[in-house]
Amino acid sequence: MRMGYRKRMGATALAAFGLLAAQPALAQRCIAPQDVTDTGIYAVPILAEGFRASCTPYLAEDGFFATRGEAFVAPYALIQSDRWPGAFRTFLALANGREDDGTAAMLSDLPPETLRPIVDAFLAQKIGEEIKPGDCPKIEQAMELLAPLPPENFGGLLTFILDVTDVKEPDICPAEQP
């Protein structure tokens with residue numbers, strides 16, 4: 001009985017996230033650069049799991065992900081929980097920037113730790129849907145290039161790239177000047 005309830009809750013949450021993702025952004029507020037950095041770091045273990053599920057059949061058995069993938073993900077996994085508050089704020093900012101159907105308000109009323117597995121499942125599902133077999137070697141190459149960077153540098157680099165390329169989802173707040 002308990003598993004059925006969890007599956008229903010997960011399906012309901014994923015449907016709500018699907019509705020949020022399908023609607024155009026309206027008045028999205030900007031997101032603090034540190035929250036974007038935290039989100040990038042937080043997402044790596046989830047993204048790696050989605051990558052593994054989608055790409056293992058298309059990668060060399062002696063390639064980077066097969067031989068050093070766990071070592072690449074380990075430092076991110078160690079600090080993932082510490083980065084959840086920033087990832088949560090990013091998630092809420094993106095949800096609040098969507099057309100108001102009440103979903104964002106409902107989600108923001110839930111405790112962050114209740115939403116965490118829902119956000120994780122949503123990210124994993126989206127990754128599984130987005131990765132095409134032809135993308136697998138390119139993604140593996142990117143991981144190998146990023147592997148020497150500490151998680152903080154990866155997260156900061158991601159934030160920097162999103163900012164200088166003028167990406168609007170998420171819209172990154174201007175950095176505070178000293």
Side-chain angles (χ1 to χ4, degrees), residues 1-54 69-70 72-131 139 143 146 150-152 154-163 167-173 175:
M1 177 89 165
R2 185 175 177 100
M3 189 60 159
Y5 172 76
R6 286 185 178 169
K7 284 184 179 178
R8 282 194 311 273
M9 284 297 296
T12 301
L14 288 174
F17 287 120
L19 289 174
L20 287 173
Q23 297 173 358
L26 293 178
Q28 177 180 329
R29 64 175 200 174
C30 67
I31 300 170
Q34 185 59 51
D35 288 348
V36 176
T37 297
D38 287 348
T39 302
I41 293 168
Y42 179 84
V44 168
I46 300 162
L47 300 176
E49 191 56 43
F51 174 78
R52 176 180 287 114
S54 296
E70 287 185 35
F72 166 65
V73 174
Y76 294 88
L78 283 174
I79 61 173
Q80 186 182 37
S81 290
D82 296 338
R83 300 307 175 127
W84 169 243
F88 178 67
R89 287 188 296 271
T90 298
F91 166 74
L92 286 181
L94 290 171
N96 284 324
R98 304 289 181 173
E99 188 173 305
D100 186 15
D101 65 354
T103 305
M106 177 197 70
L107 294 174
S108 65
D109 287 341
L110 294 173
E113 290 307 316
T114 300
L115 277 177
R116 186 173 173 179
I118 297 168
V119 171
D120 291 359
F122 174 72
L123 282 174
Q125 177 191 9
K126 282 300 195 190
I127 291 305
E129 291 172 0
E130 296 296 322
I131 295 177
I139 297 168
M143 286 182 187
L146 294 169
E152 293 79 9
F154 163 75
L157 182 61
L158 174 66
T159 301
F160 173 78
I161 291 169
L162 290 173
D163 188 33
V167 170
K168 293 298 177 200
E169 276 196 59
D171 188 17
I172 300 171
C173 300

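Fair warning: this is a prediction, and the values are worked out from it, not measured in the lab.
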Check: Can you list the residues that meet the side-chain contact (heavy atoms from CB on, under 4.5 Å) rule with Ile172, with sequence neighbours excluded?
Finding: Pro33, Val36, Thr159, Leu162, Asp163
Margin query: Quick check: do Glu70 and Arg52 have side-chain heavy atoms less than 4.5 Å from each other?
Written below: yes
Margin query: Any donor-acceptor pair under 3.5 Å linking the side-chain atoms of Thr37 with those of Arg83?
Written below: no
Notebook entry, point to check: Heavy-atom distance under 4.5 Å between the side chains of Pro151 and Ile79, does that happen here?
Noted result: yes
Next item on the list: Give, for atom CD1 of Ile41 and atom CG of Asp82, the distance between the pair rounded to the nearest 0.5 Å.
Entry: 10.0 Å
Next item on the list: Return yes if some donor-acceptor pair links the side-chain N/O of Ser54 with the main-chain N/O of Ile131 below 3.5 Å, else return no.
Entry: no
Notebook entry, point to check: So, Asp120 and Tyr42: side-chain donor and acceptor under 3.5 Å apart, yes or no?
Noted result: yes
Note to self: Assess the residue pair Phe72 and Val44 against the criterion (side-chain contact (heavy atoms from CB on, under 4.5 Å)); give the C-alpha distance rounded to whole Å, side-chain angles, the decisive distance to 0.1 Å, and a yes or no.
What the structure shows: CA-CA 9 Å; Phe72 166 65; Val44 168; 4.2 Å; yes
Note to self: Would you compute the distance between atom CG of Leu94 and atom CG of Asp171 and round it to the nearest 0.5 angstrom?
What the structure shows: 10.0 Å
Checklist line | Heavy-atom pair with the smallest gap, counting every atom of Cys173 and Ala32 | finding: SG-N, 3.9 Å
Note to self: So which atom in Ala93 and which in Ile31 form the shortest heavy-atom distance, rounded to 0.1 Å?
What the structure shows: CB-CG1, 3.6 Å
Note to self: Suppose we screen for side-chain contact (heavy atoms from CB on, under 4.5 Å). Which residues come up paired with Pro117, at least two apart in sequence or across chains?
What the structure shows: none
Notebook entry, point to check: Distance from Phe122 atom CZ to Leu115 atom CG, nearest 0.5 Å?
Noted result: 12.5 Å
Notebook entry, point to check: Any side-chain heavy atom of Ile46 within less than 4.5 Å of one from Ile127?
Noted result: no
Checklist line | Close side-chain approach of Arg116 and Trp84, heavy atoms under 4.5 Å | finding: yes
Note to self: More than 12 heavy atoms of other residues, nucleotides or ligands under 6.0 Å from CZ of Phe160: yes or no?
What the structure shows: no
